[in-house]
Amino acid sequence: INSGIAGTGGFMVDILEIVKDRDPQEREFHQAVGEVMESVKPVLDTNPIYRQAKIPERLVEPERVIMFRIPWADDQGNVQVNRGFRIEMNSALGPYKGGLRFHPSVNLGILKFLAFEQVFKNALTTLPMGGGKGGSDFDPKGKSDNEVMRICQGFMSELFRHIGPDTDVPAGDIGVGAREIGYLFGMYKKLRNEFTGVLTGKGLNWGGSLIRPEATGYGSVYFAAEMLATRNEALEGKTCLVSGSGNVAQFTAEKLIELGAKVVTLSDSSGCIYDEGGIDAKKLGFVKVLKNVRRGRISEYAEKFSSAVHTEVDPANDTNPIWDHKADCAFPSATQNEINAQDAQNLIDNGVFLVSEGANMPTMPDGIDIFKDHKILYGPGKAANAGGVSVSGLEMTQNSMRLSWTRKEVDDRLKLIMKTIHRTCVDAAEQYGHPGNYEAGANIAGFVKVVDAMLDQGLV
Ligand code: NDP
Ligand code: 2IT
């Protein structure tokens, strides 16, 4: 990339234009790059060395992309072909680390956005992890256990040669949970003849960490509590909107209920439920069985509990009805771009003054602008949902030491990490003249840590 460089007598080419020009179809990646680069402009302007070393250009180019074919046979004996990917984005701070997503929408642009976010998120965790992301366009919905096992085995029969406990350590994300990590680990162990901590999110009795399943959701709630504390507020008694009904949503709701908040919504890709009476621990127990064991739809919640109504997704409706209820706090925990500008305005109009992002990039850029204009407590995903990968880092530590910590020990470390991330964001935002802006704080603090390591390590 031969862009002119400000501060060296050349002209300044916007890095986003370069990225768009190179890979015009990768919309989500453009969105993620645009968001980070906008925040770090003051850092680039005050430290010309970063532009001289082409740090922006280097950051947006993955260190390595692995793309492969996964042929497999379904239960009827038909041959199916899916795509597998692993983006090894940046290893300045440690081995590549990040989840695997199995969802029909998966493509290079989505995984590059997720890997890019992961680099800065992992930098914020205080643990030594680089950033990566991978997955497949395989759709797990309606597939049998055996079909899921075969796709996992097919995926790992290629990926095993590229990863390792000191090289690249994948984990779960959308569509990849405990079951899939088990099948992936089994295949890796067979092919390598090695029992190592090459994946996180493992089963408790074979190398997993306590609190890893809970970590993203709990962490997002801990981050919210830290944000509230800056305004002398607490979660107790707050009405909360939670979207999604998978791993992150379930444990977000669990911790909110434990802290005395009232959770009134959940969703999946077919629609959302609103339970005016509140989702209590018992009802959440029903959701866990429904989603994790029976792999059913959230609409069943409204069939089971008469206090709830289900609203189906309406493709003609540009807004998401889940964000149109009176509430204090919102925890988007399903997927990217689930809050557009109108949804953000609806949240504000309904009294929401805190948004903690359990999902990656759930808010679209003009939605974020609305949050910032109204000066609400807005915790961006790379800070608020960093608890998941943090406990993955703790799982790696425990694997290396060949011992396991108690639930309390891991949870205490998670709390401390979320508190530290919060403090880091507040301080970086203040230092660069954006007090209270967690988006700027997270992007700047993550960026500086990664790029200073890149400078130290030379042109590699
Ligand atoms: P799960 O697969 O467990 O759950 C995903 C949930 O989101 C499901 O309810 C799913 O509904 C819904 N969903 C997925 N895609 C869409 C879509 N296109 N439109 C509407 N709803 C959708 O995944 P997780 O809970 O692990 O992940 C949720 C989010 O959190 C993702 O953004 C992920 O990247 C992020 N995250 C996850 C971490 C983790 O440790 N697991 C860590 C940090 C962030 P349905 O069942 O109908 O598909
Ligand atoms: O987006 C994320 O941070 C994750 N899906 C978790 C990654 C991990 O390595 O635990």
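For ligands, and for the atoms within them, numbers begin at 1 and follow the listed sequence. By convention here, the first residue in the shown sequence is residue 1.
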**Asked** Quick check, are the ring centers of Tyr438 and His422 under 6.0 angstrom apart?
**Response** yes
**Prompt:** Looking at Phe305 versus Phe286, is the centre-to-centre ring distance below 6.0 Å?
**Reply:** yes
**Request:** Could you tell me which residues satisfy side chain to side chain contact (heavy atoms under 4.5 Å, CB included) with Glu276, sequence neighbours excluded, listed by chain and number?
**Result:** Tyr274
**Message:** Check this for me, if you would: do Lys112 and Glu28 make a salt bridge, where the nitrogen-to-carboxylate-oxygen distance has to be below 4.0 angstrom?
**Reply:** no
Does ligand 1 have any N/O atom under 3.5 Å from a protein N/O, and what are those pairs and their distances?
{"unit_1": "ligand 1", "atom_1": "2 (O)", "unit_2": "Gly175", "atom_2": "N", "d": "2.9"}
{"unit_1": "ligand 1", "atom_1": "3 (O)", "unit_2": "Asn247", "atom_2": "N", "d": "2.9"}
{"unit_1": "ligand 1", "atom_1": "9 (O)", "unit_2": "Ser245", "atom_2": "N", "d": "3.0"}
{"unit_1": "ligand 1", "atom_1": "9 (O)", "unit_2": "Ser245", "atom_2": "OG", "d": "3.2"}
{"unit_1": "ligand 1", "atom_1": "11 (O)", "unit_2": "Ser269", "atom_2": "N", "d": "3.3"}
{"unit_1": "ligand 1", "atom_1": "25 (O)", "unit_2": "Asn247", "atom_2": "N", "d": "3.2"}
{"unit_1": "ligand 1", "atom_1": "25 (O)", "unit_2": "Val248", "atom_2": "N", "d": "3.0"}
{"unit_1": "ligand 1", "atom_1": "30 (O)", "unit_2": "Gly358", "atom_2": "O", "d": "3.4"}
{"unit_1": "ligand 1", "atom_1": "32 (O)", "unit_2": "Asn360", "atom_2": "N", "d": "3.2"}
{"unit_1": "ligand 1", "atom_1": "34 (O)", "unit_2": "Arg101", "atom_2": "NH2", "d": "3.0"}
{"unit_1": "ligand 1", "atom_1": "34 (O)", "unit_2": "Asp173", "atom_2": "OD1", "d": "2.6"}
{"unit_1": "ligand 1", "atom_1": "34 (O)", "unit_2": "Asp173", "atom_2": "OD2", "d": "3.2"}
{"unit_1": "ligand 1", "atom_1": "34 (O)", "unit_2": "Asn360", "atom_2": "ND2", "d": "2.8"}
{"unit_1": "ligand 1", "atom_1": "40 (O)", "unit_2": "Arg212", "atom_2": "NH1", "d": "3.4"}
{"unit_1": "ligand 1", "atom_1": "40 (O)", "unit_2": "Arg212", "atom_2": "NH2", "d": "2.8"}
{"unit_1": "ligand 1", "atom_1": "40 (O)", "unit_2": "Thr216", "atom_2": "OG1", "d": "2.8"}
{"unit_1": "ligand 1", "atom_1": "47 (O)", "unit_2": "Ser269", "atom_2": "N", "d": "2.8"}
{"unit_1": "ligand 1", "atom_1": "47 (O)", "unit_2": "Ser269", "atom_2": "OG", "d": "2.4"}
{"unit_1": "ligand 1", "atom_1": "47 (O)", "unit_2": "Arg297", "atom_2": "NH1", "d": "3.3"}
{"unit_1": "ligand 1", "atom_1": "47 (O)", "unit_2": "Arg297", "atom_2": "NH2", "d": "2.6"}
{"unit_1": "ligand 1", "atom_1": "48 (O)", "unit_2": "Lys141", "atom_2": "NZ", "d": "2.9"}

**Asked** For Glu395, what residues pass the salt bridge (charged side-chain N to carboxylate O under 4.0 Å, His left out) criterion, not counting sequence neighbours?
**Response** Lys202
**Item:** Option passing side-chain contact (heavy atoms from CB on, under 4.5 Å) with Ser390 (candidates Leu416, Thr125, Asn385, Thr216)
**Value:** Thr125
**Request:** Could you check Met89, Glu63, Met129 and say which one makes a side-chain contact (heavy atoms from CB on, under 4.5 Å) with Tyr96?
**Result:** Glu63
Just the distances, no angles: every ligand 2 N or O to protein N or O pair closer than 3.5 Å, one line each.
{"unit_1": "ligand 2", "atom_1": "1 (O)", "unit_2": "Gln118", "atom_2": "OE1", "d": "3.4"}
{"unit_1": "ligand 2", "atom_1": "1 (O)", "unit_2": "Lys121", "atom_2": "NZ", "d": "3.0"}
{"unit_1": "ligand 2", "atom_1": "1 (O)", "unit_2": "Lys133", "atom_2": "NZ", "d": "2.9"}
{"unit_1": "ligand 2", "atom_1": "1 (O)", "unit_2": "Asn360", "atom_2": "ND2", "d": "3.0"}
{"unit_1": "ligand 2", "atom_1": "3 (O)", "unit_2": "Gln118", "atom_2": "OE1", "d": "3.4"}
{"unit_1": "ligand 2", "atom_1": "3 (O)", "unit_2": "Gln118", "atom_2": "NE2", "d": "3.0"}
{"unit_1": "ligand 2", "atom_1": "3 (O)", "unit_2": "Lys121", "atom_2": "NZ", "d": "2.7"}
{"unit_1": "ligand 2", "atom_1": "5 (N)", "unit_2": "Lys133", "atom_2": "NZ", "d": "3.3"}
{"unit_1": "ligand 2", "atom_1": "5 (N)", "unit_2": "Gly172", "atom_2": "O", "d": "3.1"}
{"unit_1": "ligand 2", "atom_1": "5 (N)", "unit_2": "Asp173", "atom_2": "OD1", "d": "3.0"}
{"unit_1": "ligand 2", "atom_1": "9 (O)", "unit_2": "Lys97", "atom_2": "NZ", "d": "2.6"}
{"unit_1": "ligand 2", "atom_1": "10 (O)", "unit_2": "Arg212", "atom_2": "NH2", "d": "3.0"}
{"unit_1": "ligand 2", "atom_1": "10 (O)", "unit_2": "Ser392", "atom_2": "OG", "d": "2.5"}

**Request:** If the plane angle is over 60° it's perpendicular, under 30° parallel, otherwise tilted; pick one for Phe138 and Trp72.
**Result:** perpendicular
**Request:** Find out whether Val352 and Phe371 are in side-chain contact, i.e. whether some heavy atom of one side chain is under 4.5 Å from a heavy atom of the other.
**Result:** no
